[in-house]
Amino acid sequence: MSTPPAAKLGQGEVTEEMSAATKPVKVESSGGDDGALINIKVQSQTAADVFFRIKRDVKLRRLMDMYCGRHSLSPKAVQFLDTEGRQIRPAQMADEVGLQDGDAIDVMIHMEGGGGAPAGGEHESRGFSGLIDRPFTP
């Protein structure tokens, strides 16, 4: 299975590389760029790892939007976390977050609610509710 070519967004500021989770991305640094490009791995609970090559001074919103677009997710439905578990805001840049070459960002699906009483006023449980009030007779 071959790796698809890198997808470019805008003026080449962010590129995406698909790879297996076990294959690291190798970067050949040229002498004059002073490490302006870094490779970031985005790890998800449900999807394969995705590798991005980004400039340090580009807002991470571009990376987030690209990831969400590829996986058909709403950016409001997920949270991106840095290596220490802190939430990454879209307006932040890689240098502000402290991301280094080869670091990973975790994507967590944001969920609220659940486990409450059913809507519509039906608060009694059916089935064993009548057994609770009667004394036990063997």
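Predicted model only: the values in this text are computed from it and were never measured.
Among all heavy-atom pairs drawn from Lys59 and Pro90, the shortest one is CB-O, 3.8 Å. When all heavy atoms are compared, the tightest approach of Asp106 to Gln43 is OD1-NE2, 2.7 Å. Of all the heavy atoms in Ile54 and Ala94, the pair that sits closest is CD1-CB, 4.0 Å. Heavy-atom minimum distance, Ala91 versus Glu96: O-OE1, 4.3 Å. Here the closest heavy-atom approach between residue Ala47 and residue Ser44 is recorded as N-OG, 3.5 Å. Residue Asn39 comes nearest to Asp101 through the heavy atom pair N-OD1, 2.7 Å, listed as atom of the first residue, atom of the second, then distance.
Take Asp103 and apply the salt bridge (Lys or Arg N to Asp or Glu O under 4.0 Å) test, not counting sequence neighbours, and it matches no residue. For Gln100, there are no side-chain hydrogen bond (donor to acceptor under 3.5 Å, both in side chains) partners, not counting sequence neighbours. In this structure Asp57 satisfies the side-chain hydrogen bond (donor to acceptor under 3.5 Å, both in side chains) test with no other residue, sequence neighbours excluded. Among residues two or more places apart in sequence or in another chain, the side-chain hydrogen bond (donor to acceptor under 3.5 Å, both in side chains) test is passed with Gln87 by none. In this view, Arg86 and Asp82, Glu84 satisfy the side-chain hydrogen bond (donor to acceptor under 3.5 Å, both in side chains) rule, not counting sequence neighbours.
Between Met64 and Ile88, the closest side-chain pair of non-hydrogen atoms falls below 4.5 Å. Between Ile105 and Thr83, the closest side-chain pair of non-hydrogen atoms is not below 4.5 Å.
Between atom CZ of residue Phe52 and atom CD1 of residue Ile38 there is a gap of 12.5 Å, rounded to the nearest 0.5 Å. Rounding to the nearest 0.5 angstrom, the gap separating the CE atom in Met108 from the OG1 atom in Thr46 is 10.5 Å. For the atom pair Leu60 CG and Arg89 CZ, the distance stands at 10.5 Å (nearest 0.5 Å).
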Check: What do the steps show when you test Tyr67 against Val107 for side chain to side chain contact (heavy atoms under 4.5 Å, CB included), and what is the final call?
Finding: CA-CA 10 Å; Tyr67 183 86; Val107 179; 4.0 Å; yes
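Val42 is not connected to Leu81 by any chain of hydrophobic side-chain contacts under 4.5 Å among Ile, Leu, Val, Met, Phe, Trp and Tyr, and they are in different clusters. One hydrophobic cluster, built from ILVMFWY side chains closer than 4.5 Å, cannot hold both Met66 and Met93; they sit in different ones.
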Show which side-chain atoms of residues 72-79 pair as donor or acceptor with protein atoms under 3.5 Å away, not counting sequence neighbours.
from: Ser74; atom 1: OG; to: Lys76; atom 2: N; distance (Å): 3.3
from: Gln79; atom 1: NE2; to: His110; atom 2: ND1; distance (Å): 3.3

